[in-house]
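Taking it in order: structure first as structure tokens, then the write-up.
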Amino acid sequence: MLGIVGTAVAQDNGGPQPSARQQLQHIHTPQSIDQELARLTKDLELTREQQQQVRSLLDEHHDRIQALLDKNPKASSQELAPQIHTISDETHRKVHALLTDHQKELEKAMQQREHNGGENRRSAPPAAASPAS
């Protein structure tokens, strides 16, 4: 769900790795938070109140990752990936807790689209993709 981090962390082409700070600098901006909020608002049909709550969670997510990068300026994204994923998972759980049952169904569909579009490399069988309800 939190596309603002996953793509940079997942890249590994075997050569000398730039630091996580260098890789994530361009995607961890106030503009990226706005874009993510707009995407979630559209895909999950967030109410105004939910948008405010999600924005504060995205801001917190950004601040926590920025603090991690500040503490480890030379670390590669591969070295920081477990901590970044933990932060992202916590943020995702908090966002999920704000959703109605209908929005959770929309979230499931959104995750399936993301999985099929960008994560086919490590795949589970795509046959499980069709929604039953």
Side-chain angles (χ1 to χ4, degrees):
M1 176 193 299
L2 296 171
I4 58 181
V5 176
T7 51
V9 172
Q11 296 171 354
D12 180 12
N13 52 10
Q17 293 293 311
S19 74
R21 175 188 286 280
Q22 291 168 323
Q23 280 190 310
L24 297 175
Q25 204 71 31
H26 67 285
I27 59 172
H28 266 273
T29 64
Q31 188 176 28
S32 67
I33 293 170
D34 291 342
Q35 291 169 342
E36 183 69 2
L37 180 62
R39 184 179 74 90
L40 293 174
T41 297
K42 179 178 177 249
D43 289 351
L44 302 178
E45 301 173 3
L46 299 179
T47 65
R48 280 195 200 279
E49 183 181 346
Q50 287 173 316
Q51 287 175 47
Q52 292 170 341
Q53 293 169 317
V54 169
R55 170 173 283 293
S56 100
L57 292 172
L58 293 176
D59 287 339
E60 176 188 332
H61 177 267
H62 172 270
D63 293 346
R64 289 179 66 194
I65 289 180
Q66 192 62 52
L68 180 65
L69 296 175
D70 290 346
K71 273 176 47 177
N72 303 283
K74 303 277 190 223
S76 72
S77 61
Q78 204 170 15
E79 293 168 319
L80 295 180
Q83 291 142 299
I84 290 171
H85 285 294
T86 297
I87 292 167
S88 295
D89 288 347
E90 287 173 19
T91 302
H92 176 257
R93 279 194 300 277
K94 290 176 183 177
V95 169
H96 182 80
L98 298 172
L99 302 178
T100 65
D101 289 342
H102 171 68
Q103 289 168 324
K104 288 176 184 174
E105 289 300 315
L106 294 173
E107 177 191 36
K108 219 186 275 184
M110 180 181 80
Q111 288 172 334
Q112 195 62 51
R113 283 193 311 271
E114 289 173 359
H115 179 78
N116 289 339
E119 291 292 324
N120 281 347
R121 292 180 294 271
R122 356 183 155 134
S123 41
S130 60
S133 43

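In this text, all values refer to a predicted model and were calculated from it rather than measured experimentally.
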### Summary
Output for pair (Leu106 CG, Asp101 CG), nearest 0.5 Å, gives 11.0 Å
### Task
Might you work through the side chain to side chain contact (heavy atoms under 4.5 Å, CB included) test for Val95 and Glu107, ending with a clear yes or no?
CA-CA 10 Å; Val95 169; Glu107 177 191 36; 5.6 Å; no
### Query
Can you tell me how far the CD atom of Gln52 sits from the CG atom of Leu57, to the nearest 0.5 Å?
12.0 Å
### Message
For Glu90, give me all partners under salt bridge (Lys or Arg N to Asp or Glu O under 4.0 Å), at least two apart in sequence or on another chain.
### Response
Arg64
### Message
As a quick check of understanding, evaluate side chain to side chain contact (heavy atoms under 4.5 Å, CB included) for Gln53 and Leu46, giving each step before the final call.
### Response
CA-CA 10 Å; Gln53 293 169 317; Leu46 299 179; over 6 Å; no
### Task
With rounding to the nearest 0.5 Å, note down the distance linking OG1 in Thr41 to CZ in Arg48.
10.0 Å
## Note on the structure
Rounded to the nearest 0.5 Å, the OG atom of Ser56 sits from the NE2 atom of His61 at a distance of 13.0 Å
### Message
Taking Arg39 first and then Glu36, would you say they form a salt bridge - that is, a charged N and a carboxylate O separated by under 4.0 Å?
### Response
yes
### Query
Taking atom NZ of Lys104 as the centre, does the number of heavy atoms from other residues, nucleotides or ligands within less than 6.0 Å exceed 12?
yes
### Message
Measuring only between side-chain heavy atoms, which start at C-beta, is Leu98 closer than 4.5 Å to Gln103?
### Response
no
### Task
Could you pull out the closest heavy-atom pair between Thr100 and Gln50, with the gap in Å?
N-NE2, 4.3 Å
### Message
On a heavy-atom basis, which atom in Glu79 and which in Ser76 lie closest, and how many Å separate them?
### Response
OE1-N, 2.6 Å
### Within-4.5 Å side-chain heavy-atom neighbours: Asp59 and Arg55
yes
### Task
May I ask you to test the Ile65-Ile84 pair for a side-chain heavy-atom distance under 4.5 Å?
yes
### Reported NE2-to-NE2 distance for the pair His92 and His85, which is rounded to 0.5 angstrom
14.0 Å
#### Entry: Straight-line distance of Arg113 CZ to Gln111 CD, nearest 0.5 Å
10.0 Å
